[in-house]
A.B. asks: 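This is the structure I have questions about; it appears just below.
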Protein chains: 2
Amino acid sequence: MTRVLVVDDEPQILRALAINLRARSYDVRTAGTGTEALAVAVDHAPELVVLDLGLPDLDGTEVIARLRTWTSVPILVLSGRSDSTDKVEALDAGADDYVTKPFGMDELLARMRALVRRLGPAEDEPATVLLGESTIDLAARKVLRDGVEVRLTPTEWHLLEVLVRHPGRLLGQKRLLDEVWGPGYENAHGNLRLYMGQLRRKLEPDPGRPRHLLNEPGMGYRFEP
Amino acid sequence: MTRVLVVDDEPQILRALAINLRARSYDVRTAGTGTEALAVAVDHAPELVVLDLGLPDLDGTEVIARLRTWTSVPILVLSGRSDSTDKVEALDAGADDYVTKPFGMDELLARMRALVRRLGPAEDEPATVLLGESTIDLAARKVLRDGVEVRLTPTEWHLLEVLVRHPGRLLGQKRLLDEVWGPGYENAHGNLRLYMGQLRRKLEPDPGRPRHLLNEPGMGYRFEP
DNA sequence: CCGCGTCCTAACAGCATCCTGACGCCGGTG
DNA sequence: CACCGGCGTCAGGATGCTGTTAGGACGCGG
């Protein structure tokens, strides 16, 4: 049963697609926004992503790029824009196919079959990020430091994931707290400091003088590869 | 320099495509008929085939099918027919993408890039896996431990199979429950714990201190060979 | 009907993880 | 110099998760 993640902001299209795909015995998960799509992709590890470009919160190519930082799952883009530059952008960002609305359901299904047939079984790939002497394998959820495995707790993983997926960028504390702890923890700065310290102790060569998990006083934190 | 085979029966289109692709530094070979295309494919082992469906001698799906008998090279189909059934036929015959004429050159190039990016031979997985002193034969559904056969119940097999098929990777409990028990059991964590314990008792040398069927608290389980 | 194997639910002790609060450090400021 | 906000660190109790055991429900062949 192939796991498919369908992303679209229009509920009726989402429902129609889900019903059609489930009738073909796909295992369907849905998402209505870009951030939700990224979260579901982590949890569910789909074998195919069907992605509408007109999302309310994130740009389509942004979603593709973020997925591509850690997974090579095939991505089929749906879009109302038939403009050529949109297609080129999406495909070069890492998408594997591009279908313009309105589309025929049987054509969409055929293209999905083609993608899964070609790329579905090939699921394994390191997809690893370097952090000093440590290598972070996002897909396997494993960290190796000098060859030995380092154990991270769920919250530590969650925080590290958010940082690593935006290399070099400064992430504000409110943003980090919201992504890792969810709403209601916007003022739990002590929490953030605590887990950042644990990550440094487990990953940095000299936790007292961090070189990759950096703090900008008053602003937030930054992952520097 | 990527080797591309371009197949089209109209000489001017063939020439235009070849010039454009060579300008992007592709290594281009051309063919005007289906039989010629098959011959050139054998000689030059292209990394991508751009195939027009309206050939004089052979049907398009026939060319695709014959190529697929011996090679898994990506095939991009060009066609004047925008009919949905044609697309489905070509894609199901083994094509990887389908572009209708008239097409934009930059879109075609982007789709070619997307296909070539996915290059890479698919490696086949071994039929038997080692787990400590036990050998697991996936195909025969048998487990031998110190030479004697170990009996596993269907559910135990199912769970072990999912774990073993992703060696070294951490699989979330939701994912495992979904794969083994199907939808509706996403919260039956006790079940998962129970069967994991039974697998450990039957396979691990010291079930109290597992070394191959590992748990990461709060996240899921991992098979380590 | 009974025995048998398998699957599922419930419960509990032990433990890892999480959160909270407190403390010391540091640089900037009046 | 005293004060303050931001940061890193430490310890303790609450919470949640894990492994394990026991027992009932179900299907199946004798």
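Every heavy atom of this structure was used, including side-chain atoms; hydrogens, water molecules and symmetry mates were not. By convention in this document, chain letters (A, B, ...) are assigned in the order of the sequence lines, proteins followed by strands, and residues within each chain are numbered from 1.
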A.B. asks: Between A:W157 (CH2) and C:dC18 (P), how many Å, whole number?
C.D. replies: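 Roughly 14 Å, once rounded to whole Å.
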A.B. asks: When you check every protein heavy atom under 4.0 Å of nucleotides 19-30 of chain C, what one-letter string (B, S, -) results, 5' to 3'?
C.D. replies: BB----------
A.B. asks: Give every donor-acceptor pair under 3.5 Å between a side-chain atom in residues 8-23 of chain A and any protein atom, sequence neighbours left out.
C.D. replies:
unit_1, atom_1, unit_2, atom_2, d
A:D8, OD1, A:E10, N, 2.9
A:N20, OD1, A:R24, NH1, 2.9
A:R22, NH2, A:V28, O, 3.0

A.B. asks: Under 3.5 Å, is there a donor-acceptor pair linking the side chains of A:D57 and A:T35?
C.D. replies: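 Judged by distance alone, the side chains do pair up.
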A.B. asks: Are the side chain of B:R222 and the backbone N or O of A:A140 linked by a donor-acceptor pair below 3.5 Å?
C.D. replies: yes
A.B. asks: Which whole-number value in Å describes the distance from A:L177 CG to C:dC18 P?
C.D. replies: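 A:L177 atom CG is separated from C:dC18 atom P by 15 Å.
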A.B. asks: Please report, rounded to the nearest Å, how far the P atom of C:dT9 is from the CG atom of B:L192.
C.D. replies: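 For the pair B:L192 CG and C:dT9 P, the rounded distance is 13 Å.
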A.B. asks: Over how many whole Å does the gap from A:N187 atom CG to D:dC7 atom P extend?
C.D. replies: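 Interatomic distance, CG of A:N187 to P of D:dC7: 13 Å.
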A.B. asks: At under 4.0 Å, does any side-chain N or O of B:Q173 touch on OP1 or OP2 of D:dC17?
C.D. replies: no
A.B. asks: Per the side chain to side chain contact (heavy atoms under 4.5 Å, CB included) rule, which among B:L213, B:L176, B:L214 passes with B:Y221?
C.D. replies: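 Running side chain to side chain contact (heavy atoms under 4.5 Å, CB included) over B:L213, B:L176, B:L214 with B:Y221 returns exactly one hit, B:L176.
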A.B. asks: Tell me which residues in residues 200-225 of chain A put a heavy atom below 4.0 Å from DNA chain C, sorted by number, or none.
C.D. replies: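 Per residue number, the list is empty: none.
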A.B. asks: How about B:T128 and B:D137: does a side-chain donor come under 3.5 Å of a side-chain acceptor?
C.D. replies: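 Short answer, no.
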A.B. asks: With a 4.0 Å cutoff (strictly under), does any side-chain N or O of A:T153 reach OP1 or OP2 of C:dC18?
C.D. replies: yes
A.B. asks: Side chains of residues 162-171 of chain A: which donor-acceptor partners sit under 3.5 Å, not counting sequence neighbours?
C.D. replies:
unit_1, atom_1, unit_2, atom_2, d
A:R165, NH1, A:E161, OE2, 3.1
A:R165, NH2, A:E161, OE2, 2.9

A.B. asks: Take atom CG of A:L199 and atom P of C:dC18, then tell me their distance rounded to the nearest Å.
C.D. replies: 11 Å
A.B. asks: Considering non-hydrogen atoms only, spot the tightest contact between A:G34 and A:L58 and give its length.
C.D. replies: C-CD1, 4.0 Å
A.B. asks: List the protein contact pattern of nucleotides 25-30 of chain D with one symbol per nucleotide (5' to 3'): B for base contact, S for sugar-phosphate-only contact, - for none; contact means a heavy-atom distance under 4.0 Å.
C.D. replies: ------
A.B. asks: List the residues meeting ring pair (Phe, Tyr, Trp, His ring centres under 6.0 Å) with A:Y195, not counting sequence neighbours, and say none if there are none.
C.D. replies: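 Here the qualifying residues are A:W181.
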A.B. asks: Looking at A:D96 and A:R68, is there a salt bridge between them, counting it only when a charged N and a carboxylate O are closer than 4.0 Å?
C.D. replies: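 Judged by the 4.0 Å cut-off on N to carboxylate O distance, A:R68 and A:D96 do form a salt bridge.
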A.B. asks: Show the nearest heavy-atom pair for residues A:D106 and B:V88, with the distance to one decimal.
C.D. replies: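 Looking at all heavy atoms of both residues, the closest pair is O-CG2, 3.6 Å.
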A.B. asks: Nearest heavy-atom pair of A:V73 and A:L48: which atoms, and what distance?
C.D. replies: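 So the minimum-distance heavy-atom pair works out to CG2-N, 3.6 Å.
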A.B. asks: In whole angstrom, what separates B:H189's NE2 from C:dC8's P?
C.D. replies: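 After rounding, the reported distance stands at 15 Å.
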